[in-house]
Structures are given as structure tokens and as C-alpha cells.
> 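Following this message is one structure expressed as C-alpha cells.
Because only heavy atoms are used, hydrogens play no part in the values below, and waters and symmetry mates are left out as well, while side chains stay in.
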Amino acid sequence: MMPLQANFRYIAMLLWQKELRRFISLVTITSQGDNDKSFELYRLSLLRAKCCELISLHQNRKDDPINAFLCGLFSPLEAILDCPMPLLLSEISLPDEVKQALLENSGKYARYLMLATEYEKQNWLSVNALITELKITEQQMIHIVLDATLWADEMLQIGQMDEKKGRTLSPR
């Protein structure tokens, strides 16, 4: 039998996956039609989220990979919703360190997000400086981005399949 703490962690992971599936399903619905911009922004959101999470996990510190994930997930929210980030974050309950990264570009999660965004921009000088600072090799960073890309695409495919099966709007 699993210890009580392990059971709670397992339950929390299941809930997290359920909420993520809802987010992805919502993304799929709102990005239907000719709104390619929305779809790409949602994809970018998922890609950054997974990149930040994997960078955090690579650090082997007590950083919370869920907070790193949230930082990446919400980073393009301003562009997605056409609303200023300070106003958006005043309406969302997020840890202070995540808000600090998103609003002030400071703190440990800001470094992870900066690495992900500089990689997107192919700003190799900044990428090299950040991977050196974070003690990540070029090869490891390539794997992080590849894993994040595959994961984001897979999540979007799952969301599209759920939407086609009519599961998207069903209460859970």
C-alpha cells in the first residue's frame, strides 16, 4: 500500500492532468475556424510551459516545476486575451514568485522563461549565456525544446480529439 503522502501526490497529479485537458480543450474550441493566431498562441503557451517545467526539473533544486510550468503557460496570456498582464494576474490566483516573473521579469522562474523565449527568438548569444548560467549543455537544451514541442503538439491533438468526440464541454 502506498503511503498517504504518495496517495495525495498521485491524486494531485490526476487533478492537474484533468485541468490541463480542460485548458487544452478550451484552446481547441476557441482556436477553431480561421483564427490561426489564437491556435499558435495557445501552442506557444503549452510549449513555454513544458520548457520551463523541464528546465526547472533539470536544476535539481527545490524549485517547484508546477510553478515553472504555470509561468510558461501564462506568459502569452496578455496576447491571447488582449488584456494587460497586471489586470489579468489580479484576477488569477498564482504564487507570488510566478507573478514576479511575469510582471517584473525577476526571480528564478523569470530565468527559465527568458531561456525559453530567447530560444524561440533564436537569440543564440542570450541562449548561450543563460544555459551557461543555468548549467545546461546545448545538447540538453535541444532535448528540452524537442520534448516540450512533442508534448505540446500531443496535448493539442488530444484536445482536438476530445472536441471531436464531444467531450470538450461535458461537465467533469
> Does some side-chain heavy atom of I136 sit less than 4.5 Å from a side-chain heavy atom of Q59?
yes

> Measure the spacing between CG of L73 and NZ of K50 and express it to the nearest 0.5 Å.
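Going from CG on L73 over to NZ on K50, the span is 12.0 Å.
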
> Atom OH in Y112, atom CG in L54: separation rounded to 0.5 Å?
12.0 Å

> Which heavy-atom pair separates N67 from V98 by the least distance, and what is that distance?
O-CG2, 3.5 Å

> Under a 4.5 Å side-chain heavy-atom rule over Ile, Leu, Val, Met, Phe, Trp and Tyr, are L102 and L88 clustered together?
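L102 clusters together with L88.
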
> Measuring only between side-chain heavy atoms, which start at C-beta, is V127 closer than 4.5 Å to K121?
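No - every pair of side-chain heavy atoms lies 4.5 Å or more apart.
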
> Can you tell me how far CG of N123 sits from CG of N128, rounded to the nearest 0.5 angstrom?
9.5 Å

> Under a 3.5 Å cutoff, is there a donor and acceptor pairing between the side chains of E120 and T117?
no

> Could you give the distance from SG (C71) to CE (M114), rounded to the nearest 0.5 Å?
10.5 Å

> Is there a side-chain contact between M141 and I55, using heavy atoms and a 4.5 Å cut-off?
yes

> Evaluate the side-chain proximity of E133 to L130: yes if any heavy-atom separation is below 4.5 Å, no if none is.
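They are in contact (side-chain heavy atoms under 4.5 Å apart), so the answer is yes.
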
> For the backbone of M85 and the side chain of E78, can you confirm whether one donor and one acceptor N or O come within less than 3.5 Å of each other?
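Side chain of E78 to backbone of M85, a donor-acceptor pair under 3.5 Å: yes, one is there.
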
> Under 3.5 Å, side chain of Y109 to main-chain N/O of F69, donor-acceptor pair present?
no

> Could you give the distance from OG1 (T137) to NE2 (H143), rounded to the nearest 0.5 Å?
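One gets 8.0 Å once the value is rounded to the nearest 0.5 Å.
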
> Grab the two heavy atoms, one from C52 and one from G72, that are nearest each other, plus how far apart they are.
SG-CA, 4.0 Å

> Side chains of C51 and V145: closer than 4.5 Å at any heavy-atom pair?
yes

> Under 4.5 Å between side-chain heavy atoms, counting indirect links through other Ile/Leu/Val/Met/Phe/Trp/Tyr residues: same cluster for L47 and L57 or not?
no

> If only atom types and distance count, is the side chain of E53 paired as donor or acceptor with the main-chain N or O of I66 below 3.5 Å?
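No: the side chain of E53 does not pair with the backbone of I66.
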
> Indicate yes or no: at least one non-hydrogen side-chain atom of S56 is less than 4.5 angstrom from one of D64.
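The answer is no, as the side chains (C-beta and beyond) never meet within the 4.5 Å cut-off.
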
> Other hydrophobic cluster members with L150, side-chain heavy atoms of Ile/Leu/Val/Met/Phe/Trp/Tyr under 4.5 Å, chained?
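Reading the cluster by chain and number, L150 sits alongside L146.
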
> Can you find a pair of side-chain heavy atoms, one from R43 and one from T149, that are under 4.5 Å apart?
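They are in side-chain contact.
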
> Nearest 0.5 Å please: distance from the CD atom of Q140 over to the CD1 atom of I131.
9.0 Å

